[in-house]
Amino acid sequence: MISRGVDANFWQGKTVFLTGHTGFKGSWLSLWLSSLGAKVCGYALAPSTTPNLFTVLNLQDSLKYSQIADIRDLDALQKAVIKAQPDIVIHMAAQPLVRYSYTHPVETYATNVMGTLNLLESLRSIDSARATVVVTTDKCYENNERLAGYQEHEPMGGHDPYSNSKGCAELVTAAYRRSFFSADQYLEHHNAIASARAGNVIGGGDWSEDRLIPDAIKAFEANKPLIIRNTLATRPWQHVLEPLSGYLVLAQALYEEGTAFAQGWNFGPKDSDARPVQEVVELLISAWGSPASWVHDGSEHPHEAKSLKLNITKARENLGWVPKWTLETAIEKIAHWQKAYQNKRDMKSISLNQIREYSQS
Ligand SMILES: NC(=O)c1ccc[n+]([C@@H]2O[C@H](COP(=O)([O-])OP(=O)(O)OC[C@H]3O[C@@H](n4cnc5c(N)ncnc54)[C@H](O)[C@@H]3O)[C@@H](O)[C@H]2O)c1
């Protein structure tokens with residue numbers, strides 16, 4: 001089996017069109033790509049929380065440019081793609097929250113489905129791109145609450161609007177690939193398009209609403225107990241640098257080897273890191289140190305899957321990508337990052353250091 005890692009030489013000087021660069025994962029990826037010498041052209045809405053990682057890392061200065069615009073606006077997106085003339089496209093902009101999707105289903109579908117369609121349609125206007133990675137999620141699969149991990153060929157589904165919109169984004173991506181970016185037409189379009197399904201991503205610098213780690217840190221900082229809804233729900237937890245490394249390795253393979261890799265890929269953690277919420281919280285409490293606790297909220301909540309795992313055999317065997325950090329390491333890195341933020345340290349250098357540690361591990 002070949003083993004692939006993020007290749008610094010590959011990224012030097014490449015132009016990357018990155019949607020969602022102002023978000024949690026997008027900010028980490030912008031920092032990583034810029035540190036590798038890539039020219040990042042970002043396209044996203046303004047950061048939606050205060051504080052937010054994009055501002056904390058002062059990323060505005062590291063990018064080639066940051067365009068604040070909407071992926072639901074086909075005309076604006078098409079102009080932006082034409083202006084960027086990217087070598088590589090990574091599409092991460094989305095409405096990514098399950099509970100918000102119950103209260104804002106139309107916005108969720110418009111952003112996640114039509115936004116993805118608009119991006120793919122815009123790519124038909126350029127011939128510079130050699131590799132495109134569309135980021136969806138582990139939740140795109142039809143979840144039948146089984147314990148075994150989902151594999152890439154299994155049906156798309158999704159109970160709630162968020163999960164289902166990402167299943168739809170997968171189907172749109174597959175249809176565009178077959179219709180306009182197929183292997184048969186590769187010599188005309190030269191753009192190999194893949195989709196990437198990651199697990200539940202955790203890391204320093206996430207201030208989103210309704211996510212376990214950000215909610216926990218807010219509670220601990222306020223000396224209040226964390227309120228947990230689904231203590232036993234199992235998720236494939238992984239540090240944010242894990243799926244990002246998967247996207248980068250996949251983009252490298254698409255760029256260098258073309259449509260052989262133009263498929264769906266799971267980038268989850270090792271099976272042993274698909275763990276119940278309660279265990280993750282207890283790990284964070286012991287890494288946090290100062291008084292921290294949790295209580296169970298037994299009231300009624302909208303449906304969320306109880307069990308979710310990704311099978312990563314394909315990425316491991318065919319792409320040579322493997323997860324590096326265990327859940328314990330991920331939690332340690334988060335506690336270190338958040339404490340450093342509390343202590344007003346230089347967060348760009350702390351974050352670059354975590355990227356370096358990850359790359360060398
Ligand atoms: N965080 C996770 O656990 C996780 C897990 C699996 C997949 N994902 C996927 O990874 C991607 C990034 O997630 P994140 O956690 O960084 O989310 P985030 O909410 O922090 O960032 C979302 C980004 O999308 C942008 N965006 C949202 N609506 C937009 C619109 N209409 N037009 C332009 N930009 C828009 C935001 O401005 C932001 O830059 C998403 O596609 C998400 O579905 C996240």
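For ligands, and for the atoms within them, numbers begin at 1 and follow the listed sequence. Positions are given from 1 along the sequence.
- The shell of residues lying under 4.0 angstrom from ligand 1, judged by heavy atoms, excludes Ser48.
- Among Lys25, His91, Arg72, His21, the residue whose heavy atom lies closest to atom 8 (N) of ligand 1 is Lys25.
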inquiry  = With side chain to side chain donor-acceptor pair (under 3.5 Å) as the criterion, how do Ser351 and Trp337 come out once you've worked through the C-alpha distance, each side chain's angles and the decisive distance to 0.1 Å?
reply    = CA-CA 8 Å; Ser351 306; Trp337 197 102; 2.9 Å; yes
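- Checking only distances, Ala44 never comes within under 3.5 Å of ligand 1, N or O to N or O.
- No side-chain N or O of Glu142 forms a donor-acceptor pair with one of Tyr150 less than 3.5 Å apart.
- Near Thr111, with a cut-off below 4.0 Å to any heavy atom, the atoms of ligand 1 are 28 (N), 29 (C), 31 (N).
- Looking at Ser195 and Trp265, their side chains never bring a donor and an acceptor atom within 3.5 Å of each other.
- Side chains of Gln151 and Tyr141: no donor on one and acceptor on the other come within 3.5 Å.
- Closest to atom 6 (C) of ligand 1, if we only count protein heavy atoms, is Gly199 O, 3.4 Å.
- No donor-acceptor contact under 3.5 angstrom links the side chains of His21 and Ser27, judged on distance only.
- Looking only at heavy atoms of the protein, atom 17 (O) of ligand 1 is closest to Pro96 CG, 3.3 Å.
- In terms of the side chain to side chain donor-acceptor pair (under 3.5 Å) criterion, residue partners of Ser163 (sequence neighbours excluded) are, by chain and number, Asp160.
- No salt bridge links Lys348 with Asp346; every basic N to acidic carboxylate O contact stays at or beyond 4.0 Å.
- Atom 14 (P) of ligand 1 has as its closest protein heavy atom Arg211 NH2, 3.8 Å.
- Taking atom 11 (C) of ligand 1 as the reference point, the nearest protein heavy-atom neighbour is Met92 O, 3.2 Å.
- If you check the side chains of Gln67 and Lys83, you find no donor sitting under 3.5 Å from an acceptor.
- Close placement of the Phe10 and Tyr255 rings is indicated, their centers lying within 6.0 Å of each other.
- The protein non-hydrogen atom at the shortest distance from atom 3 (O) of ligand 1 is Val201 N, 2.9 Å.
- With contacts defined as side-chain heavy-atom distances shorter than 4.5 Å, the pair Asp271/Asn311 does not qualify.
- Short contacts between ligand 1 and Asp70, defined as distances under 4.0 Å to a heavy atom of the residue, involve ligand atoms 30 (C), 31 (N), 32 (N), 33 (C).
- Not close to ligand 1: Leu97, with no non-hydrogen atom less than 4.0 angstrom away.
- Here the heavy atom of the protein found nearest to atom 21 (O) of ligand 1 is Gly23 CA, 3.3 Å.
- Annotation for ligand 1: atoms under 4.0 Å from non-hydrogen atoms of Val135 are 9 (C), 10 (O), 41 (O).
- Considering backbone and side-chain N/O atoms, Ile71 comes within less than 3.5 Å of an N/O atom of ligand 1.
- Under the side chain to side chain donor-acceptor pair (under 3.5 Å) criterion, Asp87 pairs with no residue at all, not counting sequence neighbours.
- Numbered from 1 in the order shown, with element, the atoms of ligand 1 that lie under 4.0 Å from a heavy atom of Ala69 read 32 (N), 33 (C).
- With respect to atom 20 (O) of ligand 1, the closest heavy atom belonging to the protein is Phe24 N, 2.8 Å.
- Using 4.0 Å as the threshold, Lys166 has a heavy atom nearer than that to some atom of ligand 1.
- Counting the atoms of ligand 1 from 1 in the order shown, those under 4.0 Å from a heavy atom of Thr22 are 36 (C), 37 (O), 38 (C), 39 (O).
- Close approach of ligand 1 to Tyr162 (heavy-atom distance below 4.0 Å) involves ligand atoms 42 (C), 43 (O).
- Closest to atom 7 (C) of ligand 1, if we only count protein heavy atoms, is Thr136 O, 3.0 Å.
- The side-chain heavy atoms of Leu31 and Ile355, taken from C-beta on, include a pair separated by under 4.5 Å.
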